[in-house]
Amino acid sequence: PHSASAACAQSDDCGLHSALVSARSSFEPATIRLGNGTHVVDSSVPELTFDQFTYASRLSLIADGNGTELVGADPTLPIMRIEAGSPPIVLRGLFIRGRILVNGGSLAIEQCRFANSSALHGAALEIRAGTVRIYDTKFLNIAANHAGGVVNITGGSAVFDRCVLTGSSVPSGSAAL
């Protein structure tokens, strides 16, 4: 497995950027273990768009402990994009402050926490196509500023199992999901 340290500068070989570049180019299953701390994600970095050019047969981003946080640098942009043709993506044990956009492919979210984020549509997840499975995950204090709520599903499919949604807000006439 690849490792990424939150204390590592983006230009060094020990950070999330470097681990993603390496994992994307492998044709085998790839696991990236994210060390405790805050990993700031700039969604304009192409390594965080998983698509047909992500060659790993499966890609997992797994927290190494309870203090592993993914934070979007720009709250108006998604921190991660899953596109058609991507390998299956797994997120496990992460604390996520930002929005994930799914335009295809397969995403499994396990034992994660989405918290303290806001967006116009789908403040935690926006699902336009593909398959998303969410297990044992909490959505905490999320604010949707427009229709679509905390999770906006306009296409594809989503399964929620043993999830909690609390302290979140949506505008009048909208739903949380």
Side-chain angles (χ1 to χ4, degrees), residues 1-74 77-114 122 124-137 151-163:
H2 306 279
S3 294
S5 167
C8 186
Q10 286 288 10
S11 59
D12 295 339
D13 285 341
C14 57
L16 178 59
H17 174 80
S18 178
L20 284 167
V21 169
S22 180
R24 283 175 52 93
S25 62
S26 169
F27 286 92
E28 298 183 11
T31 298
I32 299 174
R33 295 203 172 276
L34 298 171
N36 282 337
T38 301
H39 299 267
V40 178
V41 175
D42 181 345
S43 64
S44 67
V45 176
E47 288 77 19
L48 290 170
T49 296
F50 302 109
D51 55 20
Q52 73 271 18
F53 301 111
T54 305
Y55 299 118
S57 60
R58 176 183 172 105
L59 180 61
S60 301
L61 288 112
I62 299 174
D64 238 4
N66 289 331
T68 303
E69 184 175 19
L70 280 178
V71 178
D74 183 344
L77 298 172
I79 62 171
M80 185 178 298
R81 298 173 75 94
I82 315 296
E83 301 288 344
S86 74
I89 306 294
V90 176
L91 306 177
R92 184 177 304 130
L94 299 170
F95 175 38
I96 300 167
R97 283 194 295 145
R99 178 172 66 103
I100 296 174
L101 175 60
V102 182
N103 278 321
S106 170
L107 172 64
I109 300 171
E110 305 165 353
Q111 301 168 349
C112 289
R113 287 178 296 147
F114 286 84
L125 282 167
E126 184 171 357
I127 304 167
R128 297 178 183 168
T131 303
V132 180
R133 294 176 317 278
I134 303 115
Y135 305 100
D136 301 314
T137 293
V151 177
N152 186 29
I153 304 170
T154 58
S157 65
V159 173
F160 294 83
D161 192 10
R162 297 180 309 270
C163 294

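- The CG atom of D51 lies 9.5 Å from the CD1 atom of I82; values are rounded to the nearest 0.5 Å.
- Nearest heavy-atom pair, I79 versus R97, reported as atom, atom and distance to 0.1 Å: CG2-O, 4.4 Å.
- Taking CD of Q52 as the start and CD of E83 as the end, the distance is 8.5 Å to the nearest 0.5 Å.
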Trace of the side-chain contact (heavy atoms from CB on, under 4.5 Å) decision for V71 with H39: CA-CA 6 Å; V71 178; H39 299 267; over 6 Å; no
Derivation and outcome, side-chain contact (heavy atoms from CB on, under 4.5 Å), residues T31 and L59: CA-CA 6 Å; T31 298; L59 180 61; over 6 Å; no
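- Checked against salt bridge (charged side-chain N to carboxylate O under 4.0 Å, His left out), R113 has no partners two or more places apart in sequence or in another chain.
- Annotation: the span from L107 atom CG to I89 atom CD1 amounts to 7.5 Å, rounded to 0.5 Å.
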F95/T38 under side-chain contact (heavy atoms from CB on, under 4.5 Å): CA gap, chis, key distance, verdict: CA-CA 9 Å; F95 175 38; T38 301; over 6 Å; no
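- In this structure the side chain of F50 reaches within 4.5 angstrom of the side chain of M80, judged on heavy atoms.
- Looking at every heavy atom in both residues, A56 comes nearest to A30 through CB-CB, 4.1 Å.
- The side-chain contact (heavy atoms from CB on, under 4.5 Å) test with L70 singles out one residue from L48, I100, V41, and that residue is V41.
- Nearest approach of P88 to S57, heavy atoms of both residues: CD-O, 3.3 Å.
- The backbone N or O of A84 sits nowhere less than 3.5 Å from a side-chain atom of S86 that would complete a donor-acceptor pair.
- R162 CZ to I134 CD1: the interatomic distance, rounded to the nearest 0.5 Å, is 12.5 Å.
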Residues L101, R128; criterion side-chain contact (heavy atoms from CB on, under 4.5 Å); working and verdict: CA-CA 8 Å; L101 175 60; R128 297 178 183 168; 3.6 Å; yes
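- Counting heavy atoms from C-beta outward, Y135 and I109 have side chains that stay 4.5 Å or more apart.
- Heavy-atom minimum distance, A129 versus N103: CB-O, 3.5 Å.
- Between R58 and V90, the closest heavy-atom pair is NH2-CG2, 3.0 Å.
- Between the T68 side chain and the L34 main chain, a donor and an acceptor come within less than 3.5 Å of each other.
- For D136 and Q111, the side-chain atoms include no donor-acceptor pair closer than 3.5 Å.
- With contacts defined as side-chain heavy-atom distances shorter than 4.5 Å, the pair F160/T137 does not qualify.
- Interatomic distance, CD1 of I62 versus CZ of R33, reported as 5.0 Å (0.5 Å rounding).
- Residues I127 and S157 approach most closely at CG2-O, 4.5 Å, considering heavy atoms.
- Around CG of N66, the count of heavy atoms belonging to other residues, nucleotides or ligands within 6.0 Å does not exceed 12.
- Put simply, CD1 on I96 and SG on C112 are 4.5 Å apart, with the number rounded to the nearest 0.5 Å.
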